[in-house]
Every structure is written in structure tokens, then in C-alpha cells.
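Heads up: the structure comes next, in C-alpha cells.
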There are 2 protein chains.
Amino acid sequence: MTSTDRPPAGTAGKGAELSGVRPTRQRLAVADALSDADGFHSAQEIHELLGRRGESVGLATVYRTLQRLADAGEIDMMRSEDGEAIYRRCSMTHHHHLVCRSCGRTVEVEGPAVERWTTAIADEHGYAEVSHTLEIFGTCPDCR
Amino acid sequence: MTSTDRPPAGTAGKGAELSGVRPTRQRLAVADALSDADGFHSAQEIHELLGRRGESVGLATVYRTLQRLADAGEIDMMRSEDGEAIYRRCSMTHHHHLVCRSCGRTVEVEGPAVERWTTAIADEHGYAEVSHTLEIFGTCPDCR
DNA sequence: GGCAATTTGACAACGATTCTCACTCGCAGT
DNA sequence: ACTGCGAGTGAGAATCGTTGTCAAATTGCC
């Protein structure tokens with residue numbers, strides 16, 4: 001469940017998207033760390049990075065912040081092959097992976113055609129809020 | 001008592017992939033369960049299914065068997081949105097699933113265009129023996 | 001039949017993520 | 001600036017999926 005319901009916070013009538021979200025030191029630090037380090041990073045990596053920077057932030061807070069950012073669509077979340085959640089600063093295009101069965105070498109590929117197709121198919125069946133996962137497996141040239 | 005007995009040294013050198021693999025009841029049961037239930041299933045689901053069937057198999061064994069099968073390329077493994085490992089029997093008709101996030105209602109869809117696209121992309125990067133997984137998620141009309 | 005390597009299974013160990021809860025801090029009103 | 005309250009935080013417990021351990025059971029092959 002991705003419930004986003006929050007208690008009747010009477011505070012209404014202020015910032016649009018940021019209703020009830022406080023820009024605390026920790027949140028800024030997490031968002032910042034993720035911006036500085038590009039590419040995908042796990043919550044634990046971010047936590048460690050913050051520690052090295054001296055900006056100590058609790059692990060639980062890092063998890064919460066990362067999740068909130070992902071929910072808000074400000075960052076992308078996907079899962080590594082180990083099943084760990086990894087995040088990256090948003091903006092880059094949505095893409096898929098072409099993975100080698102033997103060595104694991106991965107190539108990121110884009111497919112506007114696929115994006116269009118999935119949306120069309122879902123639409124055709126009346127499904128809304130579409131998302132999808134696509135992974136391609138094969139044996140890379142070096143492993144042939 | 002070491003070099004006296006020598007296991008089937010070059011016994012009918014054909015069973016390449018199955019070197020040292022015994023077709024035990026448990027392994028057959030797991031492979032069977034996965035074949036019967038199509039679609040993706042987690043190790044725990046398979047374990048539970050086997051339990052219901054009366055074919056009791058240890059959880060650890062299910063994990064090991066599934067992993068071995070995946071390594072051998074006999075089944076596909078990917079990760080659910082929760083990060084859990086899910087497997088499916090390989091070699092079934094090429095179709096994908098359009099799943100409803102709320103009620104789970106699933107529609108099987110085919111996409112020759114996607115098949116062609118994935119093959120083309122893989123080819124372009126020199127990858128051979130291509131296979132892929134694609135799942136589409138959305139909210140079905142009844143759940144809107 | 002009988003032996004040794006492979007497998008199995010119950011359970012401990014693990015690592016990632018979430019939950020709990022007492023304590024702190026930012027924000028708005030006074 | 002002072003204060004109250006709820007959002008936010010953090011340390012550690014609790015979950016949960018998955019892997020490691022090891023004695024006992026099973027299987028293949030002589």
C-alpha cells in the first residue's frame with residue numbers, strides 16, 4: 001500500500017506541494033548527497049556518505065527521506081540485482097537494462113517505442129497510472 | 001581409500017549441464033510446481049504450494065533449487081517491486097502480463113513489436129541468446 | 001550390499017528495511 | 001522572543017527474505 005494519507009493537519013493554506021513537509025537539515029543533507037553523487041546509490045551508501053561528510057543523519061531517517069522523495073517523484077528508485085533499493089537524482093530518462101547472463105555486464109537502453117506500446121496496451125484495456133518493468137537478457141560478445 | 005574408487009570418470013560424456021546433479025524428489029517437485037503455476041512466483045510461494053500439495057520440501061531446499069535452475073538458465077529470475085526474487089518457468093509462449101495494482105486482475109498481452117525491439121537492441125549490442133521479461137502495472141477500470 | 005559424495009532440512013545467522021517510541025525542533029500564534 | 005503542538009528524528013527492536021551450517025538421510029555406483 002502506498003497510502004499517502006496524513007492526519008487532518010489543519011495547517012492548510014500555504015505552499016502547494018510542500019504541505020506539511022519541513023525542510024530540515026537532514027532532508028536537505030540527503031537530497032544534497034544524492035545530487036552530488038550521480039548514478040544509483042542505496043540508502044546505506046547515502047547514509048555512509050553523509051557520515052563521512054560529518055552531516056550525521058540517522059539511518060532510519062535516510063530511508064524515510066529517500067522513500068518520500070521517491071514517492072514525490074523527485075528521485076527514481078529501482079532495485080539492484082541483489083534486491084536492494086537504489087536511488088538516483090531524477091531527470092534522466094526512463095530506461096531498461098540489457099544484462100549479460102555470464103558476466104553480468106549491463107547496458108542501459110532506451111525505448112520510446114516500448115514506452116508508447118505499454119501505454120497503448122494498458123489504455124486499450126482501460127488500465128490507468130501505468131508503469132512497467134522490462135529487462136533483456138543475453139550473452140554479451142565477450143562471453144560468446 | 002582415496003584413489004581406489006574412481007567415480008564415473010568420463011562416463012558417457014554427454015550429461016554436460018547435469019554433472020553431479022541428482023534428480024531427487026524435491027528437485028522434481030520444485031520444477032514441477034513452477035511449471036504448473038505459470039507467471040512469476042517467489043521461493044516462499046513455491047514452498048507453500050508444495051506444502052499444500054503434500055510434497056513437503058524444506059524452504060532452504062526450495063531456495064537452492066530455484067537458484068540452481070536459474071543459474072542453469074532453465075528458469076527466469078527477476079525481482080518484484082518489493083525486492084523479492086521471483087521465478088518463472090522459461091520457454092512458455094511469449095506473452096506478458098498487464099496487472100492491476102489493486103485487485104491483481106491480470107490480462108495476458110502479446111507484443112510482436114516488443115519482441116522485435118528487444119531482439120534488435122540486443123543484436124545491436126552484440127548480445128546473443130536473447131530473452132526478456134516485461135510486466136505492465138496499472139489500475140484496472142473496475143478499481144478506478 | 002555397502003560406501004562416499006551429494007542433498008536435505010531444521011535452525012541459526014544475516015543484511016536490508018520498517019516499526020516503535022521517547023525526545024527534539026521548526027513553525028505559527030501570542 | 002516565548003510557547004505549544006505536531007512533524008521529524010534517532011537508536012534500537014522487530015520483520016522478513018535469503019543464505020550458511022551441519023548432522024542425518026538419500027542416491028549412484030562399485
Side-chain angles (χ1 to χ4, degrees), chain A residues 1-15 17-31 40-48 50-51 55-72 77-87, chain B residues 1-12 14-15 17-31 40-48 50-51 54-72 77-87:
Chain A
M1 338 184 263
T2 37
S3 63
T4 320
D5 42 356
R6 54 199 54 162
T11 21
K14 235 260 338 195
E17 294 77 40
L18 295 179
S19 52
V21 178
R22 293 181 192 168
T24 64
R25 183 191 92 253
Q26 289 87 335
R27 288 197 178 143
L28 296 175
V30 170
F40 282 101
H41 297 280
S42 69
Q44 314 238 14
E45 287 176 337
I46 294 296
H47 175 246
E48 201 183 308
L50 287 172
E55 286 272 23
S56 180
V57 176
L59 183 57
T61 299
V62 173
Y63 272 103
R64 278 185 299 236
T65 303
L66 248 20
Q67 273 176 129
R68 183 171 303 207
L69 286 172
D71 275 354
M77 186 270 258
M78 76 168 291
R79 319 216 64 121
S80 72
E81 305 234 329
D82 295 324
E84 299 158 306
I86 48 181
Y87 307 81
Chain B
M1 62 202 339
T2 17
S3 49
T4 316
D5 316 88
R6 192 66 203 49
T11 342
K14 231 41 205 325
E17 294 77 41
L18 296 179
S19 52
V21 178
R22 294 179 190 170
T24 63
R25 184 189 71 263
Q26 289 87 338
R27 288 199 178 140
L28 295 175
V30 170
F40 283 100
H41 297 280
S42 68
Q44 314 237 14
E45 286 176 336
I46 294 297
H47 176 246
E48 202 183 309
L50 287 171
E55 286 272 23
S56 180
V57 176
L59 182 57
T61 299
V62 173
Y63 272 104
R64 279 186 297 236
T65 303
L66 248 20
Q67 272 176 125
R68 184 170 303 206
L69 287 173
D71 275 354
M77 185 270 257
M78 75 170 291
R79 316 213 69 117
S80 72
E81 306 227 330
D82 295 323
E84 299 158 304
I86 49 181
Y87 307 81

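In what follows, every chain begins at residue 1, and chains take the letters A, B, ... in the order their sequences are listed. Treat the numbers as computed from the prediction; the structure is a model and nothing was measured.
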Exercise. What is the distance from atom CE of B/M78 to atom CD1 of B/I86, rounded to the nearest 0.5 Å?
Worked result: 5.0 Å

Problem set entry | OG1 on A/T65 to CZ on A/R27, rounded to 0.5 Å |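 A/R27 atom CZ to A/T65 atom OG1 measures 5.5 Å (nearest 0.5 Å).
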
May I have the distance from [X] (atom [atom1]) to [N] (atom [atom2]), rounded to whole angstrom?
X	N	atom1	atom2	result
B/H41	D/dG17	NE2	P	16 Å
A/I46	D/dG10	CD1	P	15 Å
A/R27	D/dA7	CZ	C1'	8 Å
A/R68	D/dA7	CZ	P	10 Å
B/Y63	D/dG17	OH	P	7 Å
A/L28	D/dG8	CG	P	13 Å
A/L59	C/dG15	CG	P	14 Å
B/R25	C/dT6	CZ	C1'	15 Å

Exercise. Any side-chain N or O of A/Q26 less than 4.0 Å from the OP1 or OP2 oxygen of C/dC25?
Worked result: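 For A/Q26, the contact criterion (side-chain N or O under 4.0 Å from OP1 or OP2 of C/dC25) is not met.
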
For this session: Would you tell me if any nitrogen or oxygen in the side chain of B/T61 comes within less than 4.0 Å of OP1 or OP2 on C/dG9?
Result: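 So the side chain of B/T61 is within the cut-off, an N or O lying under 4.0 Å from OP1 or OP2 of C/dG9.
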
Exercise. For B/E48, what residues pass the side-chain hydrogen bond (donor to acceptor under 3.5 Å, both in side chains) criterion, not counting sequence neighbours?
Worked result: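 With neighbours one apart ignored, the set is B/R52.
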
For this session: Identify which nucleotide among D/dT18, C/dC19, D/dG8 has an atom closest to any side-chain atom of A/A60, counting heavy atoms from C-beta outward.
Result: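 Ranking D/dT18, C/dC19, D/dG8 by closest atom to the A/A60 side chain puts C/dC19 first.
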
Between protein and nucleotides 22-26 of chain D, what N or O pairs are separated by less than 3.5 Å?
{"unit_1": "D/dT26", "atom_1": "O2", "unit_2": "B/R22", "atom_2": "NH1", "d": "3.4"}

Problem set entry | Most 5' of B/E84 and B/P23 on DNA chain D, judged by nearest nucleotide |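 So the residue in question is B/E84.
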
Exercise. Under 4.0 Å between a Lys/Arg side-chain N and an Asp/Glu carboxylate O for B/R79 and A/E81?
Worked result: no

Heavy-atom check, side chain of [X] versus side chain of [Y], under 4.5 Å:
X	Y	value
A/Q44	A/Y63	yes
A/Y87	A/Q67	yes
B/Q26	B/E55	no

For this session: Select base, sugar-phosphate, or nothing to describe what A/Q67 touches, counting heavy atoms under 4.0 Å on all strands.
Result: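 The residue A/Q67 makes sugar-phosphate contact but no base contact.
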
Problem set entry | Modelled atom types, side-chain donor and acceptor of A/R64 and A/T61, under 3.5 Å |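 A pair is found: one side chain offers a donor N or O, the other an acceptor, under 3.5 Å apart.
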
Problem set entry | Net bend of the helix from C/dG1-D/dC30 to C/dT30-D/dA1, end axes of five pairs each, nearest 10 degrees | 30°

